[in-house]
Amino acid sequence: MDAVIAIQEVALACPRSADIVQAGNFGAIRTFVEYANPEQKKRFLPGLLSGRSLMSLGMTEPDAGSAVTDLRTTAEKQESHYVLNGSKIFSTHSPEATLFLIYVRYGPGVGGIGSVLVERDTPGFTIGEASSFMSGEQWAPLYFESCRIPAHNVLLGPGGFKKQIAGFNVERLGNAARALALGRHAYNTAREHALVRKQFGRLLCEFQGLQWKFAEMAVKLDAAQLLLYRAVANAEKGLPAAYETAVAKLAANNAGWEVANEALQIMGGTGYSQESLVEYCVRRTRGWMIAGGSLEILKNRIAESIFERRFDQRSG
Ligand SMILES: Cc1cc2nc3c(=O)[nH]c(=O)nc-3n(C[C@H](O)[C@H](O)[C@H](O)COP(=O)(O)OP(=O)(O)OC[C@H]3O[C@@H](n4cnc5c(N)ncnc54)[C@H](O)[C@@H]3O)c2cc1C
């Protein structure tokens with residue numbers, strides 16, 4: 001809850017700076033802190049928390065996006081080492097990251113999945129050419145070719161997948177907090193604009209068509225905010241519940257994007273220009289509808305709670 005409030009308050013002043021609160025609290029670092037042993041924490045946490053090093057999450061693969069359990073990057077035990085083979089895509093901040101939390105397969109099935117820690121300069125680990133997301137954040141493909149890592153770099157062994165996803169629900173709440181915060185930043189900026197900008201001899205805020213837009217935006221933000229607080233408050237004693245997290249992220253991702261997009265429209269050319277951060281808020285909030293569990297995958301998860309059964313998405 002402290003970190004959610006910090007993200008939201010920082011984003012009100014500077015949407016970009018909220019990423020720093022995320023990186024230190026909710027990203028891959030949160031899964032690491034949840035499951036790392038004392039020796040791993042001693043080795044990596046001081047650098048990560050001081051900002052000297054940065055962690056990137058390698059989960060997605062070219063053929064394993066939403067179907068993340070189809071991942072093929074293998075970790076094979078050889079004496080006191082594990083040998084990694086495979087590749088990852090879309091790992092945010094991978095061009096600059098110093099440490100990588102990589103989802104791997106020790107054996108077949110969901111039960112064969114776990115995760116390891118890979119340091120940047122490990123032989124057999126190559127970071128490909130950087131690409132940019134629409135948000136401006138960069139990612140690079142990661143390649144593992146007979147990459148040997150010491151056994152003490154295993155974070156979660158076989159059977160770790162469920163734990164990883166439980167930890168990932170915390171990241172989802174950070175994602176939801178930023179989506180809402182950036183929506184609110186755009187809303188505040190548009191509100192200030194509507195209070196001073198005149199057309200047809202009247203202030204924009206005097207046109208009922210725009211007043212109704214603001215009313216709708218306020219309701220979307222407030223509703224999603226309460227759903228986010230429910231998930232976060234109930235998670236205070238452990239990890240967030242999957243259903244409440246999915247509902248909160250879905251509501252916050254939709255509200256953040258819709259409000260930022262509407263704020264841009266209200267501000268006309270000024271909103272579309274890089275002079276304000278509203279266009280940035282639109283670009284950023286769009287990505288969170290895909291990252292960290294797309295809207296569709298969240299709805300699948302919510303439906304499973306509604307019907308109290310699993311719906312296998314695989315054919316045959
Ligand atoms: C901004 C951003 C940051 C990211 N950062 C990271 C990162 O740091 N580390 C990392 O590992 N990955 C990261 N990703 C990757 C992200 O996890 C994947 O993009 C996401 O899981 C979706 O996979 P995909 O892109 O392959 O789409 P696909 O899985 O190919 O899906 C395509 C579309 O089909 C829909 N779809 C798929 N299956 C179903 C279904 N069963 N029912 C209904 N609809 C379905 C999806 O919702 C989506 O709209 C990031 C992505 C973005 C956009």
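Just follow the structure's listing: the first ligand is 1, and inside any ligand the first atom is 1.
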For Leu155 and Val116, what are the C-alpha separation, side-chain angles and deciding distance, and is it a side-chain contact (heavy atoms from CB on, under 4.5 Å)?
CA-CA 5 Å; Leu155 182 67; Val116 297; over 6 Å; no
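Gln211 CD: more than 12 foreign heavy atoms inside a 6.0 Å radius. Atom CZ of Arg72 sits in a sparse spot, with 12 or fewer heavy atoms from other residues, nucleotides or ligands closer than 6.0 Å. Annotation: Phe200, atom CZ; neighbour count of heavy atoms from other residues, nucleotides and ligands within 6.0 Å does not exceed 12.
Between the side chain of Arg284 and the backbone N or O of Trp288, no donor-acceptor pair lies under 3.5 Å.
The contact shell of ligand 1, taken as protein residues with any non-hydrogen atom closer than 4.0 angstrom, comprises Leu57, Gly58, Met59, Thr60, Gly65, Ser66, Phe90, Ser91, Thr92, Phe133, Gly287, Ile290, Ala291, Ser294, Glu296, Ile297, Asn300, Gln313.
Looking at Asp70 and Arg314, a side-chain N of the basic residue comes within less than 4.0 Å of a carboxylate O on the acidic one, giving a salt bridge.
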